[in-house]
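Quick notes on the structure that follows.
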Amino acid sequence: MPTTTSSSSSSAASSSGNRQADVFSRLASSDPEVKLKALREVKNQIIGNRTKKLSFLKLGAVPAIASALSDADCSSNSSILVQSAAALGSFACGFEAGVQAVLDAGVFPRLLRLLTSSDEKVVDAGARSLRMIFQSNQAPKYDFLQEKNMEFLFSLLNSENENVSGLGASIIAHACGTSVEQQVLCDAGVLEKLVLLLDGSLSQREACLESLATVLKSNPEAVSRFVGLEAGRYMSSVTELTKDRYPRTRLLSCLCLVVIYNTSPSYFLNMGTKSSLVTTLLELLNDPGQSGDEAALGLSSLIAEKEDLQKLAYEANAIKNIVDILKTGSELNPKRLQGLFLSLAELCSKLEDCRCSFLSLEMLDLLVNELRHKNADVRTAACICFRNAARSIKNLSAGRFTTDHVMLPLVQLLHDPSSSVQVAVLGALSNIVLDFSSPKSTFIEYGGIKQLIELSKSMDPNTRCSSLRALRNLMFLADNNRKELFYSEVKAQGFVALISDPEPSVQEQALALLRNLVDGCINSIEFVFDEDGLILDTVGRQLRKAPQAQMAIQGMYVLTNVASGTELHKEAVMQQLFPQPQAESNNFMLKFLQSHESQLRSATVWTIINLISPSSPGALDRHVKLRNEGIIPQLKNMVNDACLDVKIRIRTVLSQSMSFGDN
Amino acid sequence: MPVRVVESNAPAQVSGSDPGNRSPLPRSSLLAAGQAFSGTQNVSNQQKEEAWRVNVQIQGVDLEHGYLCGTMEALNVPMADTPVITFWEGEIVDGKNYTFNTGKWEATREDDLRHWSKFPSFAPLQGQVESDGGRQLDLSNYPYIFMRWKEQYFVNVGTDCGLTIAGFYYVCFSCSDGSISGFYYDPNSSPFQKLELKTVNEGRSGFSFSSYELQ
C-alpha cells in the first residue's frame, strides 16, 4: 500500500518553494503593507546573493516588481516606490541577466521618472537603481549629441543628491564612447562639473574618476583642458587619490592617470609619479575583488610599449609578485588571469632581464595549462606571454620552449575556434621555431610545416604574413633535410604564388623565406632553378615592379645569396638584373642604390660584391657589364654614403674595380 | 582583447633583420644573426703551444641595447671527446649601454686598458679612454666595433667536462672584412689567449645572408 513519505530535504525544498511562491502572491497583493513586506523580503534575500538573484529571476520576480513599481507610481506610494526601485537595482547590481530582465520589463523610463519626485528617498532609490544599470554594457545608449539629453545629464550633475550626481557621472563613464561625444561633453563644460565631485562623498569621487577616464581617453585636447583646470589642482587631486585608504579609489585614480599617461605622457615627466603609479597598481593586484582584476589590466595598459616603466615595474619586483599570485593555486577569474598574463607579456616585451627572470621562475608549465582555459581571452593572453618570453634568444638557444609538453598544446591552438587565439599562437610559434640549427624540431614532428603552409593560403593577409614569418624563422640556418621537407610541400608554383601575393607584407615574408632557403650549403641555391628557374624569374619580375623598400631588400638578398654561388648562378642573377632587351628606366638596381633605405642600398651593393667576387672566372666580364649599365659609376658617386655599412661595401667594390684596371 | 599584429618593421629589437634607427651604433652587415666565423684560439702556456679551432655563430644582435649573442664551438679540445659548444652573450661598447670600462668579472680598469690596447684599432681612442673613460667618444663612424663576450652555459656538454667558462673575451670586430680578434681574460687561466676569426662562406664564392624576425 503506497504511503506518502516526505524526506527532510524535499520538505525543505518544497517549503522554500512555497515561500517563494507565497512571496509572489504577496507582491501582487492589493494591500500595500503586504506588498511592502514582500518587496523587503525579496530585496533582503537577493542582496549580494547571485544564486538567489538567479532563482528569483527564473520565477519572474522582475516583472512582478516592475508591476509593483508602476502601480505605486500611479498611487504615489513612496515606500513601495523606494523598495521596488531598490530591489530592481539589486537585481541589476553586477548581474547581467538581472540588468537584461529589468530592461526587458520596460521599467527603465519609470525609474528615470523617479528622479523628479519631490520625495528625496524616492529620488535616491531611483538614482541608485539606475546607476546599477549603467554599470552594465547593456545599459541603453545615451545620446549625448541630443540637447535635451545633455540638459538632463547636467541637471543630474548639478544635483545636491550624491546618488543623482553620481548617476550623471556613471552615465558618462559607461556611455561615452567616441571622440565626438568626448568633444561635445567637454565643450558643454562637463569636466568642470565632474571635478567638483572629487571633493564630494566616496561614491561621488569614484564615479567622477571613472567618468574622467572615459572622457579623457585618447583625447589630448580633453587631457590638456583637464590638466589646465585651476592650474593643475585637479590633476594633483587625482594623483593624491592614488594614496587614498579605499582600494577602489586608489584603483580608479590610477586608471585615470594611466589614461592621461597613455594620451599625453608629457604630463608625467616626474619619475616619482611614474614609479608611484606602478607600485600602487602592483599592490592592488593583491586585492581579491574586482579592483584586483582591473588593476592587472590597468598595469598592462600602463607599461605597454614603455621600456622605462617596464624597468620600474621589474625593479619593484613585479614579475615575482605576479608569478606568486598565479601560483597560489586558487581559481582566479578570467579577467584577472588575462590581466596578469598581459602584464607579464608587457614586462617581457623589451627587456631580456625580465624574460630571463620570468623563465627562471618555472612558469612554463602553468602557462601551458592556461592554454587550455575555457575563456578565449585567457588563452590569447597566455599565447602573447609565450610569444614575448620567446624573444629571449638565450632561452630559445637552450631549447626551453621546444619540449613536447610545451610545443604540442601550442600547435593544437592553431585550430582554436577563436581567431584572436590563432593569431596569438601563430605569433608565439613564429618565435619558438627558431631553434638555431638544431636538427631536431618538435614543431616539425607535430606536422607544423603543413599547418603553416595551409595558413599561408588564408583569406586574411595578417595570417598569411604571420605564417610565412614563422616558416621563414623555421628555415633560418636550416639543414638540407628541413629545407627539402618544406620545399616538397610548396614546390615552385606554390612559391611563385606566395611571392606574387597581392599584399606587400606577405611578399616580403615570402622573399625572406626564400632568402633563408638559398642560404647555407651551396646546393640550396638550386631551389630557385627548379622548373626552369621559375622562382628566380618571379623574383626578378617582382623587383622590376617598383616594389616597396622592405620587399626589395629581401628580394635583393635573394639575389645576393644566389650570386654567392657558382658561375652559372652568378650569370643567372645578371640575367635577372639586365634582361634583354630592357629600357634603361627599368634598371631597378640604380633605383635601389638611390633609395633612402640604407638596408636596400646595402643589399644591392652586396649583390654587386658577389657578382664580381675575384674568385670566379666571369667576374671581369660582369664588371664590364655593370660599368656599362652605369652601376659602377653610380657607386663612385656614393663613396661618402651616410651609412657606414654602405660606405664600407662600396669601397670593397671600388677596390675590386680598381684591381680590374678600372679608374 | 585585440592582438597587435606585428608589422614587418618588427617592434622586437633582437632580430636577424633591421633593428631600426634608435641605436647608438649603426648596423654592420657582417655582425648580424646568421653570420659565421671560423679561426683559432691560442691556448698556449709555458708548458706547450696549443691552439683550438673555433667556430662562432651569431644568433642575435640588438644594437639598441648594445647586446648580441651566439655560440662558440671549440674543436680538438683535448679534454673532450666531441667539440664543445657554449652559448655567449656580448656587450657592445657604444658609449650608451656599455663603455670600455668592464666594471665586473674581476677585471680592473688596468686590466681593461691592458687588453684593449692590444688591438691596433684601439690606438686612436686610447688617449680619451685613459683620461675620461671615453665618455665623449662618438664611435658611430668608426669602422671597428669593440665588445666583451661572456660565455653563459655549455650547450652540449656538462659543467664537469673539465673546461671553464669563468672568464670573458675582449673583442674587436672589423666592419670592413668581418674579421674578429679577441683576448680571453680569466684571472685563473693563462693570460692573453688570443682568438682570431674570419668570416666563413661555406664553400660559396661570396657572402650569403639569412635572417629571422621576432614577433
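Values below: all heavy atoms of this structure, side chains included; hydrogens, waters and symmetry mates excluded. Within every chain, numbering begins at 1; the chains are lettered A, B, ... in the order of the sequence lines, protein sequences first and strands thereafter.
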Please check: side-chain N/O of [X] versus main-chain N/O of [Y], any donor-acceptor pairing under 3.5 Å?
X	Y	result
B/Arg204	A/Gly520	yes
A/Asn610	B/Gly206	no
A/Asn473	B/Glu213	yes
B/Tyr153	A/Lys394	yes
A/Asn561	B/Ser208	no
B/Tyr67	A/Glu352	no

> Considering only heavy atoms, which portion of B/Phe87 lies under 4.5 Å from any heavy atom of chain A: side chain, backbone, both, or neither?
Replying inline: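 Side chain only.
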
>> At a 4.5 Å cut-off on heavy atoms, which part of B/Tyr142 comes close to chain A: side chain, backbone, both, or neither?
In response: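 The answer is the backbone of B/Tyr142.
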
[X], part contacting chain B, at a heavy-atom distance under 4.5 Å:
X	answer
A/Leu426	backbone
A/Ala563	backbone
A/Leu434	side chain
A/Arg651	neither
A/Val558	neither
A/Ala390	backbone
A/Ser602	side chain
A/Ser397	both

Nearest heavy atoms of [X] and [Y], plus distance in Å:
X	Y	result
B/Ser29	A/Trp606	OG-NE1, 3.0 Å
A/Thr560	B/Phe207	CG2-O, 3.6 Å
A/Ser466	B/Gln215	OG-OE1, 3.7 Å

> Given the options A/Ser616, A/Ala398, A/Cys643, which has more heavy-atom pairs under 4.5 Å with chain B than any of the others?
Replying inline: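 Ranked by heavy-atom pairs under 4.5 Å with chain B, first place is A/Ala398.
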
